[in-house]
A.B. asks: 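Just passing along the structure, written as structure tokens.
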Amino acid sequence: MQRIGVFVCHCGSNIAATVDVKKVVELAAKEPGVVHAEDYQYMCSEAGQAKIQEAIKEKKLTGVVVCSCSPRMHEATFRKAAERAGLNPYMVEIANIREHCSWIHKDMEEATKKAVILARAAIAKVNLNAPLQPGESRVTKRALIIGGGIAGIQTALDIADAGYEVDIVEKTPSIGGRMSQLDKTFPTLDCSACILTPKMVEAAAHEKINIYTYSEVEHVSGFVGDFTVDIRKKARSVNMDKCTGCGVCQEKCPSKKIPNEFNRGLNNRTAIYTPFAQAIPNVPVIDRENCLKFKTGKCGVCSKVCQAGAIEYDQQDEIVTQKYGAIVVATGFDIIKLDKYDEYAYSQSKDVITSLELERIMNAAGPTKGHLERLSDGKAPKELVFIQCVGSRCSDDRGKPYCSKICCMYTAKHAMLIRDKYPDTNVTVFYIDVRTPGKNFDEFYRRAVEQYGVNYIKGQVGKVIPQPDGSLLVQGSDLIDNKQILKKADMVVLATAIEPNPDVRKIATMLTASIDTNNFLTEAHAKLRPVESPTAGIFLSGVCQGPKDIPETVAQAGAAAVKAIGLLAKDKLTTNPCTAKSDELLCNGCSTCANVCPYGAISYEDKQVNDHGIRETRRVAVVNTALCQGCGACTVACPSGAMDLQGFSNRQIIAEVDAICR
Amino acid sequence: MYKIAAENLQALFQKIAADQDLYLPVKVSDQVNFKAWSEDAEVCLDTLKTVKSPKDAFFPQSENLYTCKKEEKNISIEPQALQEKNFVVFGMKACDIQGVKVLDNVFLSDPIDTFYAARRDHGTIVALACHEPEESCFCKVFGIDCADPVADVATWMIEGELYWKPLTEKGEALTKAVAELLNDADEAKVEEEKAAIRAIVEKLPYSNLSLEGWGQEDYMDRFNSPVWEELYKPCLACGTCTFVCPTCQCYDIKDYDTGHGVQRYRCWDSCMYSDFTMMAHGNNRNSQMQRFRQRFMHKLVYYPVNNNGMFSCVGCGRCVEKCPSSLNIVKVIKAFENQGGEK
Amino acid sequence: MSIETNEEFRPKIVAFCCNWCSYAGADLAGSSRLSYPADVKIIRVPCSCRVNPMFILRAFEKGADGVIMCGCHPGDCHYSTGNYYARRRMTLLFSMLDYIGVENGRTRVEWVSAAEGVKFSQTMNEFVEKIHSLGKNVRLEDLRCRS
Amino acid sequence: MQELINRAKELLADGTVARVLGWKAGDLPYNPEPAYFETEESLKDFVYNGFCGANLSKYMIEASKLEGKTLVCLKPCDTYSFNQLIKEHRVDREKAYIIGVGCKGKLDIERIRKQGIKGIESISGAEITDEAETLTIQTIYGEKTCAYKDAMLERCHVCKGKEHKIYDELIGESKDTKDADRFAEVEKIEAMSPEEKFAFFQSQLSKCIRCNACRNVCPACSCRKCVFDSNKFDSAQKANVDSFEEKMFHIIRAFHVAGRCTDCGECSRVCPQGIPLHLFNRKFIKDIDTFYGEYQAGEDSTSKGPLTNFTFEDVEPSIVAERG
């Protein structure tokens, strides 16, 4: 049996004006377990807290009920006070007789009655409270960034600048990501490579940053502060230490007909290649699927021409195992496949291209050396049509329900650049809405329209029909003039929807990070914790969380870094003691609890149990208290009641129910 | 010997119920159990076996023992009043009556169970002979004559008439109370019916079951027999056999928190349950095999050894019909019979 | 039920509120002095997904006349997904109670954010009124608990 | 049946399985019991007929703990339960050799008795190989007949189909026995007024003797210790002292198996008081189907159950009041 003290606060007249405080003291004193009850003007004051501490010591209290304001206000205050008097802080409960009683009721008798019942419920709960100890777990002072695009690079730089070791794992042979494929960036029109390359170099040169390119995360275990990750370093077939980056191997490689991914397949590359000139590291990889040496055993030209002797055909994949305190996901995006949008004739005509392809065409290092030309015949297009929202804001399952966010702005950019460089080229944009929220965005768009004479038509394009003369017939509607439009074009550019990198699903599963129906990673709270995953220790950077432009991505990357730094700065993590706990003798091992846990905090172990004399090995749930946030979803999912929540246990809540209903 | 036409039974029930409680087989949601009679109750006297035995007229599934009332920090105890009103259980079969005798041995021997004793004192049993015994019946094995039940009053339903024969003082009193509804009758028809019933009983598949080897003091061989290990396997550990049985008498005592105090009550328990006789140190039977064995050893060995050879089974066959896994006491008896030399 | 007895009838109402939104919403109702009947008593739970159907039946067993559960709006759960599970659980439970003939107005779920003090108070007023119109819970109580 | 026995013997002989889980002939024409057979010789008592209604999946929980594989005979509907148990890690697929046995509808002795047939000595037409539409029943009180359909368990009238959802091999033909709408009874109740609903369930549940047969036979109720047997919720009950307790037990039991219940119908089959317990489970199934899309527990062994899943657009609990 507990020895409970009840402390009723007047809160000046806030409570005492409507609740007969003395009556509450008198009746609470008669409740089971109560050995002390008193009231005071301001319980939260020093003097009030001293009263509680005194009573704890003198009356040897094992539990405390404070009838006062909301626990959201002073629960922490009273728990700390109790702790200073030697009582476990979790033996303190609050009966909210202010916000939930005195402030909303006018009749003294009624309010007093209710206050007594609320006190009774709190007393009934404390009778079943047990001391709880927060756990501690260590923090490995190293962060892992998955994805080496601008988001990953920025997060890595920020964390590394704070003095922590950072590893970047990048799937492709070079860091740089999607941004490295862009030509110019809106709304300032500065060259993407010019602002990205220095960041890439800085990351590569940073003493705290270690970059794994051509590598993938293979396995993740552990939890916040203490993750263990296996990284697969794919065989590059080129020794990174020996290679000088001279590029001779790429010149001499006889396999030259491989679609160049970096240029979206618009031209070709060799089997041994670096994705682009400014690649970091500037070390090529051998694409083994297309290399003659690997396919036929013959060739070996690269090895022969390499002065540094860096070519190593017998390299094997290597698994590196590393511990991390925090993991940042920055896996970025790709554009959707257009096979469900046949009406735009993307697969039928070379002159129907995606915006990302246009970026490459416009880029001096691209397949056309930066000249705007039709891919079919190399002629300069005179009529250009842009189609917006291809696959975005889509209500059927062909595309994505969300707005890809960046398309309106990059289309304005493309239109403006083309009109600027090729003033005799007409540019028409078909749009549903033009969305330009952002600093200097709307001004930028208006410039495109007003200054550069880009022809914006509100309406959708129904069909693009390739004509025998090589031109394209665009069939669309003009919703403002309410008419059908048939327009001849030389080139059509599709603002294709973006989607999270398809690999993210696999990664999210490994991290037990939740993911939404569109494969974007879910943030811990849509408003208040936008850069954290609900899974502790996992942070989100860039488009993996939702569509973003570059400045937003960089801002979020920094925010994710700050959150990660905040975690890494701690030596130990104190864990919330109000966590779920499984009674292994009752556990069925059915996994139902794990299926509803948003934090991946429940795992299963085969344990030797002694169930009243029956000794057997059973599959039982084990809660990782470092991960559990104490929501209680598992406790209700568990049919046998094996899973319970400390601090809000089944019997405690039932005791409150009983006390209220009696 | 008296008789009453079936169409006058409603009047008879009204008459009895006028100053006593009356329990008899009543159909509720398609199932017949002994229930308190009411004007609109669907009485089913032609039901051979009610789902539950009528034992709960004397030993209810749950009954309050006492109530603690809590006022502030004071606790007062109110004992539960004993049965004071007379009641009649109408239509009990011979096997179920024998079941009550099994309970009597337990509850009326020292220390006397006052709750049970009060009910026995105030209860009058009107027995009804079985008309068409069924294949699951094996009362004959225990020396019970379902054609000629012995109770306060014995009755037979023959061709639309209920023949009525008081056998005890209580029976005479009841007869007197309802005399105006009864006509005199001769016993010839009843004798005829008895003979017919007995002839049917002879033909029942279980009637010649042998109890040889059961009810004996040297039972360790039987206790240790490997047969149990096979027999119990289909058992689902439910309490169906126990709760339909007319002789099971185990109960658990529990407290119910009413918010104003505690009601202490007892309720039927089943030896098939894993928490049966659970104690602070654990359980003395922690496998289903042990619990299963306990059930049948008790019915067929321990009880008869302690009660002058009276078995704690009356062959009503309810468990035969109701066990979800088609296990039953007959299969147990037969399994040992087949063991032959095992004794 | 006559009007006279309705006036006498003071229902017992249990409200389960999640710590992060609804309990805070109730606090806001309090600090905004938005009154609702004293018949409502709040039990704080970390999340609506902590509310076990057994708690709700327990309340009725012990004599509650109405039980309401409040949580964060779908999508706003502090634990991301808790209220989604709670929503399914309660939908099924309420449907079952309705199916066995318990008046469906005796149970309710309302999503109340920390900013919705007004909604909290309004909801409670409405709910209490509804329970008044239904009268005492007799279909789901344990008679032994009657005082 | 002989084919089944022969195959069982083969698998025992070649060591593929250590035992056979099937049914043993009873001592009455209608009471075969679930049984293990460990030797070829013991299989002489093996039986598989219309009265072998028991769902042996539940027994596989224990059998999964035994050395070696168990050959288990599962009817089409039993395989749903087995899948569900795999999903919940309660049985070990590796420990089971599943022979999917044909089924032409299982018989309910209570339904035969309800037709006034008593004193049963023998029943013909119940063999699995029989094509008979009628059962011929010899009784002490003369020969009786009963249409096979009229003697079938309720669940067979709403059969989920002839397909075994998991098996190692199949033996025997199955028959389509479905001739009723699975949700018709539920809909009938839904259409009642609250008073009628309450009266209906009150009357049904008042018969409950808390024998726990429904729970213990249920493959979804596979908890090591039921909440109604433990103090975890202060909810241990052994008897329905008050009518509330009947409701509490059956609502919570149905809730705990909601989304997991395959509608195998064992609960209703074993209830000694003939309470149509499936009406609870089927109500949840119907609701789940309507609210969250059609879902059949046990269809596979991996999909997410409806109560461990959600969508952003799920209906609100107020739907219950709104639909009236």
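All chains are named by letter (A, B, ...) in the order of the sequence lines, taking the proteins before the strands, and each is independently numbered beginning at 1.
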A.B. asks: Under 4.5 Å heavy-atom distance to chain C, tell me which part of D:Glu196 shows up: side chain, backbone, both or neither.
C.D. replies: neither

A.B. asks: Quick one: what part of D:Val186 sits under 4.5 Å from any heavy atom of chain C, side chain, backbone, both or neither?
C.D. replies: both

A.B. asks: By a 4.5 Å heavy-atom criterion (distance strictly below it), what part of D:Phe312 contacts chain C: side chain, backbone, both, or neither?
C.D. replies: both

A.B. asks: Tell me, side chain or backbone of C:Leu97 under 4.5 Å from chain D's heavy atoms, or both, or neither?
C.D. replies: side chain

A.B. asks: Which distance, rounded to the nearest 0.5 Å, do you find between the CD1 of D:Ile319 and the OG of C:Ser95?
C.D. replies: 9.5 Å

A.B. asks: So if I take each residue of residues 39-60 of chain C and look for any heavy atom under 4.5 Å from a heavy atom in chain D, which residues do I end up with?
C.D. replies: C:Asn52, C:Pro53, C:Met54, C:Phe55, C:Leu57, C:Arg58

A.B. asks: Considering only heavy atoms, which portion of D:Leu279 lies under 4.5 Å from any heavy atom of chain C: side chain, backbone, both, or neither?
C.D. replies: both

A.B. asks: Any chance you could lay out the salt bridge (Lys or Arg N to Asp or Glu O under 4.0 Å) test for D:Glu316 and C:Arg108, step after step, and finish with the verdict?
C.D. replies: CA-CA 10 Å; D:Glu316 292 294 328; C:Arg108 177 163 172 180; over 6 Å; no

A.B. asks: Among residues 113-122 of chain C, which residues come closer than 4.5 Å to chain D, judged by heavy atom distances?
C.D. replies: none

A.B. asks: Decide whether a cation-pi geometry holds between C:Arg88 and D:Phe310; the criteria are a distance under 6.0 Å from NZ or CZ to the six-membered ring centre and an angle within 45° of the ring axis.
C.D. replies: no

A.B. asks: Roughly how far, to the nearest 0.5 Å, is OH of C:Tyr99 from CD of D:Glu190?
C.D. replies: 6.5 Å

A.B. asks: For the side chain of D:Lys247 and the backbone of C:Ile100, is there at least one donor-acceptor N/O pair under 3.5 Å apart?
C.D. replies: no

A.B. asks: Tabulate, in ascending numerical order, the residues of residues 209-225 of chain D having at least one heavy atom closer than 4.5 Å to a heavy atom of chain C, or enter 'none'.
C.D. replies: none

A.B. asks: Should the heavy atoms of other residues, nucleotides or ligands under 6.0 Å from CD of D:Glu187 be counted, would the total exceed 12?
C.D. replies: yes

A.B. asks: Begin from the C-alpha positions of D:Phe255 and C:Met96 and carry the test side-chain contact (heavy atoms from CB on, under 4.5 Å) through to its verdict.
C.D. replies: CA-CA 9 Å; D:Phe255 189 84; C:Met96 177 56 79; over 6 Å; no

A.B. asks: Identify the residues of residues 281-298 of chain D whose heavy atoms come closer than 4.5 Å to a heavy atom of chain C, ordered by number, or report 'none'.
C.D. replies: D:Lys283, D:Phe284, D:Asp287, D:Ile288, D:Phe291, D:Tyr292

A.B. asks: Give the minimum heavy-atom separation between C:Arg87 and D:Thr311, together with the two atoms involved.
C.D. replies: NH2-O, 3.1 Å

A.B. asks: Considering all heavy atoms of both residues, which atom of D:Asn309 and which atom of C:Tyr85 are nearest to each other, and what is their separation?
C.D. replies: N-CE2, 3.7 Å

A.B. asks: Measure distances from C:Glu141 to the heavy atoms of chain D and classify the residue's part below 4.5 Å as side chain, backbone, both or neither.
C.D. replies: backbone

A.B. asks: Would you say D:Lys114 has more than 12 foreign heavy atoms packed within less than 6.0 Å of its NZ?
C.D. replies: yes

A.B. asks: Which bit of D:Glu313 is near chain C, if near means a heavy-atom gap under 4.5 Å: side chain, backbone, both or neither?
C.D. replies: backbone

A.B. asks: Could you tell me which portion of D:Gln202 (side chain, backbone, both or neither) has an atom closer than 4.5 angstrom to a non-hydrogen atom of chain C?
C.D. replies: neither

A.B. asks: Looking at C:Asp98 and D:Val320, would you say the former's side chain and the latter's main chain have a donor-acceptor pair under 3.5 Å?
C.D. replies: no

A.B. asks: Can a salt bridge be assigned to the pair C:Arg144 and D:Glu245 using a cut-off of 4.0 Å between side-chain N and carboxylate O?
C.D. replies: yes

A.B. asks: For the CG atom of D:Asn240 and the CG atom of C:Asp142, what is their distance to the nearest 0.5 Å?
C.D. replies: 10.5 Å

A.B. asks: When heavy-atom pairs shorter than 4.5 Å are enumerated against chain D, which of C:Met69, C:Glu110, C:Arg139, C:Arg89 gives the highest number?
C.D. replies: C:Arg139

